[in-house]
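Following: one structure in structure tokens, then a few remarks.
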Amino acid sequence: MGQFLQFAFLGLSTGAVYAVLATSLVGVYAATGIINFAQGAIGLWSVFVVAALRTDGTLVLPIGSIGLGSEDNPTPMLLAVALGVVSAVVWALLAHLLVFRPLRHAPVLAQVVASVGLMLFLQALVQLRFDTDNLFALSILPEKTVEFAGAVINVSDLILAGVAIAVAALLWAYFRLTVFGVATRAGSEDELAARLTGYSPDRLAAIVWAITGAATGLIVALAAFTIGLSATSYTFFVIPALAVALVGRLTSFGVACAAGLALGSFQSTITWLTTKDWWPDWAQAGLGDAVPFLIIVVALFLMGGKIPSRGSLGEVKMPEVRIPRIRVLPAVGIVAVAAVALVSTSGTWRFGIVTSIILTLIALSLVLLTGYLGQISLASMAFAGAAGFALSKLTTNWNVPFPFDMILAALLATALGIIVGIPALRIRGAQLAVVTLAAAVAIQGFVFSNPKLTPYEGNVITDPTLFGIDLGVRDGTNLVTLRFSFMVLVVVTIATLVVLRLMGGSTGRAFLAVRSNERAAAAVGINVSATKLLGFALSAFLAGIGGCLIGYSRGQLSAGSFTVMIGLTLLAMTYAGGITSFAGACIAGVIGPLGVGYVFLHQTLSLGEYYELFAAGSLLLMAVLNPVGVAGAFSDTMDRIRAQRKALKEPDSPPPLAEPTAQAGAHV
């Protein structure tokens, strides 16, 4: 009993971070109607600011730095914490002013991808600006302990829990007892009414952003010594925080806080249970990451219809879709260009071209599901990874030949995609994005990083052969063989043509109908539920084929091959290229991770370390300034040019008839 209580109390430190992030998410949602996926990343910047100040007295800025001390004389603790909190407030306000305020009335898709882009941007900026390997969090809270019922409890854990409760209480008091807070709540229900009474929703939202930014910066600075300092952990703390915020229906600060503390204790208790002899080996790692996903799914299924939506001004539309038409000459030309590029290159450049071709297929899965069907998914790389690891088992343990091994592995990813897509039958928009992101994190932690399911050194993939021809990726010192390159090109071409045919036919029209209006689609006889599940199945199958090709190109897989960050980066590139078109998928493939654009940036310009920053920045700019992406902007420009040429070629038309008078119009 004493050990159980001890681990339960140890989890209060992590639970306190969950609780503050969750209450911050509730506050931002109440003020803006936006689910801020970057809330944890704001805290990540803050905690590294404090660590740098306490280590060598350097105040690191996005550009440049200010010396406020030295290694022998670091910045005083209180000043360091204060500057860390201020930095979090500044980032929160910049996020509001530069990103989310321009997207106030944008489609949910634009808001979600902008939030994800901000998360990726801050994550990349932290890794660029801070020496993350040599910075450590120093103790801020007292290092004392007390005994209770046979358990040794850290006083710091109790203080952190108290801070989380205090933050929840202050946010509740602000929204319930202050004039500005009541006006913010009123504006969330009727923004026009709030403006008519003299309150600016933008200014009210800025106050909430500042408060939540300060709370996030404070809690991570206090908890870093206990939890540890990692360049990625605090970013993904937003997943369990979203889980407990949804338990509180994104409205209750008290429920979100209590659920956050309870979740932290529960995860710590699971860690204690894994040390028991009776605990199964397959559940030794990653189970704590899967718990938030289960909580999110259950919460949304039970309360999805009760989660309030924010009142807004005017209608919003998704980016325009262009129906794909397969034309023989352009299709042959694209394949010919890719073939010539493969033949004329070698080594790293050929590997980059092959990777771009594979990423184009995975990006096309996002175009199909998100651009056409309107279902926001952040788990594409999880589907690809599931197929890749399944391919390893099929080729090494059961000797399934090519291409049947790839098809079976992709079908496994399809089943996983249907399971993840089941919540889409009841929820949509940003809530579905939360589910798919949580699913991606759970799959990465519980499957990809689980040594019992995917051993660190045992995920070898046998080279494919067809009719006795070796299609392996390597041959001696040759990094990528032409045989393998053309095999990838053929597989991706066939899959792409089939998908484009589906998108241009009745299936694509059903997808667009569901995307436009689910009730109207159902009224004309479309089975909305079946259509959604079909979209998830096709998208997961495409991503699975891509994951298998990635596996063949590596020869051996690890958890790092299919991280959530890679998936989010590919989503960023797809949105920047154009989330609703095949051309956008091609652009995403070219500039995707380890693709041609990455090779050019890394080898030619020697700027490979800035790739993630470039990807996130491109996503933010596209989400705010050009939601249709590069492909959409190019198509719009060409349409205008063609319209102008047509107008110049046509002869002058006769003058229009005179418009009827007001009286005549009324009489008619």
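These values consider heavy atoms only, across backbone and side chains, with no hydrogens, waters or symmetry-generated copies.
- For the pair Leu25 and Asn36, the minimum side-chain heavy-atom distance is below 4.5 Å.
- In this structure, the side chains of Phe541 and Phe383 stay at 4.5 Å or more apart for every pair of heavy atoms.
- For Asp463 against Val473, the heavy-atom pair with the smallest separation is OD1-N, 4.4 Å.
- Scanning all heavy atoms of the two residues, the minimum distance from Thr507 to Leu502 falls at CB-O, 3.7 Å.
- Within the model, atoms CE of Met503 and OG1 of Thr496 stand 10.0 Å from one another, a figure rounded to the nearest 0.5 Å.
- Across all their heavy atoms, Pro423 and Val435 have their closest contact at CG-CG1, 3.9 Å.
- Glu518 is linked by a salt bridge (Lys or Arg N to Asp or Glu O under 4.0 Å) to Arg428, Lys532, counting only residues two or more places apart in sequence or in another chain.
- Within the 4.5 Å cutoff, the side chain of Ile295 has no heavy atoms near those of the Val244 side chain.
- Distance alone, capped at 3.5 Å, places no donor-acceptor pair between the Ser539 side chain and the Gly535 backbone.
- Side-chain N or O atoms of Thr436 include one that pairs as donor or acceptor with a backbone N or O of Ala433 at under 3.5 Å.
- The distance from atom CD1 of Ile461 to atom OG of Ser553, rounded to the nearest 0.5 Å, is 8.5 Å.
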(request) Check the pair Arg350, Asn478 against side-chain contact (heavy atoms from CB on, under 4.5 Å), reporting the backbone distance first and the verdict last. (result) CA-CA 10 Å; Arg350 183 184 291 171; Asn478 191 359; 4.3 Å; yes
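- Between Tyr372 and Val499, the closest side-chain pair of non-hydrogen atoms is not below 4.5 Å.
- Inter-residue side-chain proximity for Val434 and Phe37 is flagged as met; some heavy-atom pair is nearer than 4.5 Å.
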(request) For the pair Met487 and Leu466, evaluate side-chain contact (heavy atoms from CB on, under 4.5 Å) and give the outcome as yes or no after the intermediate values. (result) CA-CA 10 Å; Met487 183 271 287; Leu466 185 65; over 6 Å; no
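- Side chains of Met573 and Val590 form no contact here, defined as non-hydrogen atoms less than 4.5 Å apart.
- Under the 3.5 Å distance criterion, the side-chain polar atoms of Thr531 are matched with a main-chain donor or acceptor of Asn527.
- Side-chain atoms of Arg325 never come within 3.5 Å of backbone atoms of Gly504 as a donor-acceptor pair (strictly under, hydrogens ignored).
- The environment of Phe402 atom CZ is dense: over 12 non-hydrogen atoms of other residues, nucleotides or ligands sit within 6.0 angstrom.
- Thr481 contributes a side-chain N or O that, together with a main-chain N or O of Gly472, makes up a donor-acceptor pair within less than 3.5 Å.
- Using a distance-only test at 3.5 Å, with no hydrogens or angles considered, a donor-acceptor pair links the side chain of Thr370 to the main chain of Gln375.
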(message) One pair to check against side-chain contact (heavy atoms from CB on, under 4.5 Å): Leu549 and Met406. What are the steps and the verdict?
(response) CA-CA 8 Å; Leu549 295 177; Met406 185 169 58; 3.9 Å; yes
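- Atom CD1 in Ile550 sits 12.0 Å away from atom CD1 in Ile545 (nearest 0.5 Å).
- Contact of the Phe236 side chain with the Leu44 side chain is not registered, since no non-hydrogen atoms from C-beta on lie closer than 4.5 Å.
- Taking every heavy atom of both residues into account, Leu542 and Ser365 meet most closely at CB-CB, 3.8 Å.
- Expressed to the nearest 0.5 Å, how far CZ of Phe389 lies from CG of Leu394 amounts to 13.5 Å.
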(request) Applying side-chain contact (heavy atoms from CB on, under 4.5 Å), run through Tyr552 and Leu471 and close with a yes or a no. (result) CA-CA 9 Å; Tyr552 281 136; Leu471 301 176; over 6 Å; no
Just list the side-chain donor-acceptor pairs under 3.5 Å for residues 605-617, sequence neighbours left out, or say none.
{"from": "Tyr611", "atom 1": "OH", "to": "Ile591", "atom 2": "O", "distance (Å)": "2.5"}
{"from": "Tyr611", "atom 1": "OH", "to": "Gly592", "atom 2": "O", "distance (Å)": "3.0"}

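- For Arg474, the CZ atom is densely surrounded, since the number of other residues' heavy atoms within 6.0 Å is greater than 12.
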Under 3.5 Å, side-chain donor or acceptor atoms of residues 351-361 against the rest of the protein: list the pairs with distances, not counting sequence neighbours.
{"from": "Thr355", "atom 1": "OG1", "to": "Phe351", "atom 2": "O", "distance (Å)": "2.8"}
{"from": "Ser356", "atom 1": "OG", "to": "Gly352", "atom 2": "O", "distance (Å)": "3.1"}
{"from": "Ser356", "atom 1": "OG", "to": "Gly589", "atom 2": "O", "distance (Å)": "2.9"}
{"from": "Ser356", "atom 1": "OG", "to": "Val596", "atom 2": "N", "distance (Å)": "2.8"}
{"from": "Thr360", "atom 1": "OG1", "to": "Ser356", "atom 2": "O", "distance (Å)": "2.8"}

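- The SG atom of Cys586 sits 6.0 Å away from atom CD1 of Ile334, with the distance rounded to the nearest 0.5 Å.
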Could you list the donor-acceptor pairs under 3.5 angstrom formed by side chains in residues 407-422, with sequence neighbours left out?
{"from": "Thr414", "atom 1": "OG1", "to": "Ala410", "atom 2": "O", "distance (Å)": "2.8"}

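- Closest of all the heavy-atom pairs between Leu366 and Ser377 is CD2-O, 3.9 Å.
- Residues Pro292 and Gln267 form a side-chain contact, since some pair of their non-hydrogen atoms from C-beta on lies under 4.5 Å apart.
- With sequence neighbours excluded, the residues that form a side-chain contact (heavy atoms from CB on, under 4.5 Å) with Gln444 are Phe448, Ser449, Thr563, Val564.
- Taking both residues in full, the closest heavy atoms of Ala588 and Leu570 are given as O-CD1, 4.3 Å, listed atom of the first, atom of the second, then distance.
- Of the inter-residue distances, the one linking Thr14 atom OG1 with Phe266 atom CZ reads 14.5 Å to the nearest 0.5 angstrom.
- Between the side chain of Ser392 and the backbone N or O of Gly388, no donor-acceptor pair lies under 3.5 Å.
- Remark: Gln123 engages Thr235 in a side chain to side chain donor-acceptor pair (under 3.5 Å) (not counting sequence neighbours).
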